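Every chain is numbered from 1 and lettered A, B, ... according to where its sequence line falls, protein lines coming before strand lines. Source: prediction; values computed, not measured. Computed from heavy atoms alone, side chains included, the values below leave out hydrogens, waters and symmetry copies.
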Number of protein chains: 2
Amino acid sequence: MAPPLEPDNSVRVWPVRLVIARCQVDYAGRLTAHLPFATRLLIVKADGSVLVHSDDRSYKPLNWMSPPCTLVEGVDRHGEVEWVVEARNGDTLRISIQEIVSDSSYDLGIDPGLQKDGVEKHLQELLAQHPGSLAEGLSLVRREFPTAIGPVDLLCRDIEGASVAVEIKRRGDIEGVEQLTRYLELLNRDPLLSPVRGIFAAQEIRPQARVLAGDRGISCATVDYDALRGMDDPTVRLF
Amino acid sequence: MAPPLEPDNSVRVWPVRLVIARCQVDYAGRLTAHLPFATRLLIVKADGSVLVHSDDRSYKPLNWMSPPCTLVEGVDRHGEVEWVVEARNGDTLRISIQEIVSDSSYDLGIDPGLQKDGVEKHLQELLAQHPGSLAEGLSLVRREFPTAIGPVDLLCRDIEGASVAVEIKRRGDIEGVEQLTRYLELLNRDPLLSPVRGIFAAQEIRPQARVLAGDRGISCATVDYDALRGMDDPTVRLF
DNA sequence: ACGTTGATTTCGTAA
DNA sequence: TTACGAAGTCAACGT
């Protein structure tokens, strides 16, 4: 789908189109699906994708077509307006429109996109740089230490030279403790590493996780993300 | 959020609200995320959920809040309109609105919902009725045959009376073959069943899965869903 | 209410 | 390009 041309042939940003319409929808692709007639919100995005939303069940549309795809507006056998949205692989979305309540378009321009911050990965980088903030005298052996069931976030050594496995989460939940438990069990089979103890590190540790960790002999460390970031970049400390 | 009251105190269906606005968005919950100022589509659904869409990257919103949540419209420290959407668990979505391009609401009413067809469960039902379409003379012993690691989709007997385990997927991938392999290993320990061979059945089988299956001595069967459905309902054959 | 599993998953990253 | 794993996964189903 090429962007629309203005009367003077200038290229304009393809707008997002919002349609409120009474419609029925049929999808044929990986599965077959049908939506009976009802009033819905139809969104045609700049990339050609189409979303069919009801007023609940967020955030997934009732039905949709992912880009790249083409939209052809035509008339069905009942003489009603029909949108046929087709993907390269033959997936087809047919929208029969009985009545249009509203139809408007807007240029949104290019979106700078989402900036994710404070994710596990960044926490891991910061803690790898400052393992001492987890326990006195802790030093890093390796980040993403490989095991057969996946990499351990941090493998460290404590002040007495004993191995310490660290699992890092933004929010410490039971599943994170379970994960660390599995790693510890595996690591402790290695006579070169054993005994390995565990530290569960998170910005926030839920009570249930804390209890489970205690039961497993795993220590918990709440991480001050902002403080760590301050240690990471000395210029921040000036303010 | 209670539905709005009309001047005569009658309760009205809460409408979906569409706003085109230049805004910035901050999310704090499982992660922290930021959207710089740009013009976007904001959708407030009847169930209170909020979606922030750009004009591409369907169908997932750039940012969102799932129900149940509450939206409070206020003013931020810069004197600009700010929506604060908060969930029970403390997750917060802050939308600072610099300029509203459009703001409209519509009553969509209740949606009858999506009717899906062709999912794994339905495939399993159809193949259970017509095991012969997988291999000549195959007959069903039991659907969802229980094992210690979960139920096998179909347990059959071939024309010579030998056991056959069938794993059904819509799209045959490596993990499906692995799953069937685990079942076969377990089933073959049972002297009453052994030897058990495997059939990997799917509407579409990926090359890698086919190779792995061959390597494990598992046969593959691509399933013609429409043909099966035709067999399922005799009236269809009249056309 | 909770856990498990499938999904038209989507989305990122590393190989 | 493909494969693998995580996701603010979501959503349906069984216990």
Side-chain angles (χ1 to χ4, degrees), chain A residues 25-35 49-52 56-67 69 85-93 113-114 116-121 124 144 146 149-151 153 169-171 173-176 178-179 203-204 208, chain B residues 25-35 47 49-52 56-67 69 85-93 113-124 144 146 149-151 153 167-171 173-176 178-179 202-204 206-209 211-212:
Chain A
V25 183
D26 285 279
Y27 169 75
R30 291 190 46 174
L31 59 72
T32 310
H34 174 71
L35 282 169
S49 58
V50 178
L51 314 183
V52 180
D56 63 349
R57 271 161 288 191
S58 80
Y59 56 76
K60 199 173 170 185
L62 289 170
N63 222 322
W64 71 92
M65 183 64 78
S66 299
C69 59
V85 191
E86 202 162 0
R88 299 286 154 74
N89 61 358
D91 286 14
T92 307
L93 188 70
L114 190 67
K116 287 188 181 179
D117 190 17
V119 289
E120 188 182 316
K121 189 181 170 186
Q124 190 191 106
E144 300 280 355
I149 56 170
D153 286 338
K169 296 286 178 198
R170 183 181 138 75
R171 278 196 184 171
D173 222 326
I174 282 179
E175 65 203 39
E178 294 286 12
Q179 193 178 345
Q203 272 190 278
E204 178 194 336
Q208 289 191 342
Chain B
V25 183
D26 285 280
Y27 168 76
R30 288 280 293 264
L31 57 74
T32 310
H34 174 71
L35 280 169
D47 58 11
S49 59
V50 178
L51 284 62
V52 180
D56 63 350
R57 273 162 287 187
S58 79
Y59 58 76
K60 201 176 167 181
L62 289 170
N63 224 322
W64 71 92
M65 184 63 78
S66 300
C69 59
V85 191
E86 200 161 2
R88 300 286 156 75
N89 60 358
D91 287 14
T92 309
L93 188 70
L114 190 67
Q115 297 165 12
K116 283 187 185 181
D117 194 11
V119 289
E120 186 183 318
K121 188 181 168 189
H122 196 195
L123 263 181
Q124 191 192 105
E144 300 280 355
I149 55 171
D153 286 338
E167 176 63 35
I168 302 165
K169 296 286 178 198
R170 280 181 313 98
R171 278 204 180 168
D173 222 327
I174 282 178
E175 65 201 41
E178 294 285 10
Q179 196 177 345
Q203 275 189 274
E204 179 196 338
R206 295 195 184 270
Q208 289 196 342
V211 169
L212 184 65

Separation of B:His34 NE2 from B:Asp26 CG (nearest 0.5 Å): 5.5 Å
Close side-chain approach of A:Ser58 and B:Leu51, heavy atoms under 4.5 Å: yes
B:Lys116 NZ - C:dT5 P separation (whole Å): 18 Å
- request: Determine: side-chain N/O of B:Ser66 to OP1/OP2 of D:dC10, distance under 4.0 Å, yes or no.
  value: yes
- line: From CG of A:Asp153 across to P of D:dG5 the rounded distance in Å is 15 Å
query: D:dC10 C1' sits how many Å from B:Asp91 CG, rounded?
result: 15 Å
task: Could you tell me whether A:Tyr59 contacts a base, only the sugar-phosphate backbone, or nothing, with contacts defined as non-hydrogen atoms closer than 4.0 Å?
output: sugar-phosphate
- request: Give a yes or no answer on whether the side chain of B:Thr92 reaches the backbone of B:Gly90 with a donor-acceptor pair at less than 3.5 Å.
  value: yes
task: Kindly say if B:Lys169 contacts the phosphate of C:dG6, meaning a side-chain N or O under 4.0 Å from OP1 or OP2.
output: yes
Protein-nucleotide distance (B:Ile168, atom CD1; C:dA7, atom P), rounded to Å: 12 Å
Distance, rounded to the nearest Å, where B:Leu114 contributes CG and D:dA12 contributes P: 9 Å
task: Could you tell me the separation between the CG atom of A:Leu31 and the P atom of D:dA11, rounded to a whole number of Å?
output: 15 Å
query: Any side-chain heavy atom of A:Leu62 sitting closer than 4.5 Å to one from A:Val25?
result: no
